[in-house]
Amino acid sequence: MPELSEKLAQTNPGLEGLDVDFLYHLGLSTADDLKGMFGDVKHVAMMGSGMRAWDFARKLHEETGMPIQRLEKPREDGSDPGPLYDLEQAQDELSVARLGFPDVRKRADRLREFIYTESDLPTPIGKTERFEMYKVGDTIAVSHGMGEPSHSILLHEITKMLEYAGATGYQYYRLGTSGGIGVEGGTVVVADKGYNPTGNPTYKLHVLGEEIELPSGFDPTVAQEILECRDEVEAVMGGILSSEDFYTVQARLDGAFCMITEEQKMDYLNRMHGKGIRAFEMEAAGFGAFCKKMGIPAACVCVALLNRLNGDQVTSTPSQLAAFSDNPQQMLIRYIKRKAAAAKAQPALD
Ligand code: R2B
Ligand code: URA
């Protein structure tokens, strides 16, 4: 085990007792060269889907020229990953590989890695069953699944990973989707706070069966600087409400069952709007609480897919949805570029 960082020694000194810490959902452990792979990380962009994390990594690489980090971990079977086929042959084979069987799946993983490497596209680091993680320059792009429980697992493991790696001064971002509250589809909401469904800026969880409430907030400077990267994107600062469900707790009337009336729904959403809340999703409160507790500067940047004051169904076409998802990604790419430029300019000022 590497020596515990100052942060982990404070937040969980019990980790000292482990011989190896297995970051199970990432498929990495302290036996890997975490320092070599992640010691330089400054930005961690988290988003619900693996496809979006891959796409963000691809765009970041294309727009900044920062290098894609490839898997450095030795293969379990000790085999040489090196060139297998020509690209076209590999693509054909991957398109017919049936992913259900372990042997075929392993081969498909190898083929995908080969194709992506040859095509200069991001390859995942670690395993991809639960989360997909990519690294471009000093930035990690990683998926977190849907909802606070899934996101919380990623937050614990990735934070330990970065602390074991000796990374310093890193920041977290969630680039998500949401239902706008009084804002239209395509508008980006940068969170000042994360709210639980009662409308308080806290995250509630059970510890030893007791309910506890952690304050949930984001770094105001990071939030403001990201908002200033909006350029032509419609973006506002506001509260983000999060819930443990997309239907019932988000006051939708179109779930498999429904326990409320249209009037009750509108009253609830209008009350939340009155508190300065502009989006409803499933992670902000837990994310803001985790980062506050760990002292990690963070921002939650969510695009609205619809205005919930006008309906419940997400009716946008796939290309509209892709364009919406691109909005928070472009804002963060601009922010990362500005930070890199400022860091470059810094020595000259000294
Ligand atoms: C936004 O979108 C997902 C549900 O569709 C969920 O992860 C969220 O917060
Ligand atoms: N994600 C959510 O959680 N809610 C919405 O309404 C849209 C996306």
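These numbers come from a predicted model, not from an experiment. Each ligand, and each atom within it, is numbered from 1 in the order the structure gives. Values below: all heavy atoms of this structure, side chains included; hydrogens, waters and symmetry mates excluded.
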Asks: Could you list the atoms of ligand 1 found under 4.0 angstrom from a heavy atom of F246?
Replies: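 By the 4.0 Å cutoff, the relevant atoms are 4 (C), 5 (O).
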Asks: Is E225 paired with R338 through a side-chain N to carboxylate O contact shorter than 4.0 Å?
Replies: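 No, R338 and E225 are not salt-bridged.
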Asks: Looking at ligand 2, would L306 count as a contact under a 4.0 Å heavy-atom criterion?
Replies: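 The answer is yes, since L306 has a heavy atom less than 4.0 Å from ligand 2.
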Asks: Measure from NZ or CZ of K127 to the centre of the six-membered ring of Y24, then state whether that distance is under 6.0 Å and the direction lies within 45° of the axis.
Replies: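 K127 over Y24 ring: yes.
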Asks: Ignoring angles and geometry beyond distance, decide whether M282 reaches within less than 3.5 Å of ligand 1 through its nitrogen or oxygen atoms.
Replies: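 Yes, M282 has an N/O under 3.5 Å of an N/O on ligand 1.
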Asks: Might you work through the ring-ring contact (aromatic ring centres under 6.0 Å, His included) test for H144 and F131, ending with a clear yes or no?
Replies: CA-CA 6 Å; H144 59 62; F131 303 120; 8.2 Å; no
Asks: Counting only heavy atoms from other residues, nucleotides and ligands, does the tally under 6.0 Å from NZ of K193 exceed 12?
Replies: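 For K193, atom NZ is not crowded (no more than 12 foreign heavy atoms under 6.0 Å).
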Asks: Using a 4.0 Å heavy-atom cut-off, which part of F246 comes near ligand 2: side chain, backbone, both, or neither?
Replies: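 It is the side chain that touches ligand 2; the backbone stays farther off.
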Asks: How close does the nearest protein non-hydrogen atom get to atom 7 (O) of ligand 1, and which residue and atom is it?
Replies: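 Atom 7 (O) of ligand 1 sits closest to the protein heavy atom E283 OE2, 2.7 Å.
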Asks: Indicate yes or no: does an N/O atom of Q250 lie under 3.5 Å from an N/O atom of ligand 2?
Replies: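 Yes, there is a polar N/O contact under 3.5 Å.
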Asks: Using a 4.0 Å heavy-atom cut-off, which part of H144 comes near ligand 1: side chain, backbone, both, or neither?
Replies: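 The answer is neither.
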Asks: Side chains of T177 and E281: any donor to acceptor distance under 3.5 Å?
Replies: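 Their side chains do not contain a donor-acceptor pair, so the 3.5 Å distance test is not met.
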Asks: Taking both backbone and side-chain atoms of S178, is any N or O found less than 3.5 Å from an N or O belonging to ligand 1?
Replies: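 Such a contact does not occur with ligand 1.
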Asks: Of all the atoms in ligand 2, which lie at a distance below 4.0 Å from a heavy atom belonging to M282?
Replies: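 With M282 as reference, the close atoms of ligand 2 come out as 3 (O).
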Asks: Using a distance-only test with no angle check, is there a side-chain donor-acceptor pair under 3.5 angstrom linking Y335 and Q330?
Replies: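 The criterion, which ignores hydrogens and geometry beyond distance, is not satisfied for Q330 and Y335.
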Asks: Flag yes if more than 12 heavy atoms outside E232 fall under 6.0 Å of its CD atom; otherwise flag no.
Replies: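 Yes - once you tally the heavy atoms of other residues, nucleotides and ligands closer than 6.0 Å, there are more than 12.
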Asks: Does R174 reach ligand 1, in the sense of a heavy atom lying below 4.0 Å from it?
Replies: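 Yes.
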Asks: Has ligand 1 got any nitrogen or oxygen that is less than 3.5 angstrom from a nitrogen or oxygen of E281?
Replies: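 No.
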Asks: Side chains of Y173 and V301: closer than 4.5 Å at any heavy-atom pair?
Replies: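 No - every pair of side-chain heavy atoms lies 4.5 Å or more apart.
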Asks: Counting each atom of ligand 2 from 1 as listed, which ones have a heavy atom of F280 under 4.0 Å away?
Replies: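 So the atoms of ligand 2 that pass are 2 (C), 3 (O), 4 (N).
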Asks: Sort and list the pairs that fulfil side chain to side chain donor-acceptor pair (under 3.5 Å) and have at least one residue in residues 303-314, not counting sequence neighbours.
Replies: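 Residue pairs passing side chain to side chain donor-acceptor pair (under 3.5 Å), neighbours aside: E184-N307, D254-Q313, K265-D312, R308-D312.
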Asks: What's the shortest distance from atom 1 (C) of ligand 1 to any protein heavy atom, and which residue and atom give it?
Replies: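 Ranking protein heavy atoms by distance from atom 1 (C) of ligand 1, first comes T177 O, 3.1 Å.
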Asks: Distance to 0.1 Å, residue and atom name: give those for the protein heavy atom nearest to atom 5 (C) of ligand 2.
Replies: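 For atom 5 (C) of ligand 2, the nearest protein heavy atom is G179 N, 3.2 Å.
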Asks: When you compare the side chains of E132 and Y134, does any donor N or O come within less than 3.5 Å of an acceptor on the partner?
Replies: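 Yes, side-chain donor-acceptor contact under 3.5 Å.
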Asks: So which heavy atom in the protein is nearest atom 7 (C) of ligand 2, and how far is it from that ligand atom?
Replies: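 For atom 7 (C) of ligand 2, the nearest protein heavy atom comes out as S178 C, 3.3 Å.
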Asks: Does R252 come within less than 4.0 Å of ligand 2, judged by its heavy atoms?
Replies: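 R252: in contact with ligand 2 (<4.0 Å).
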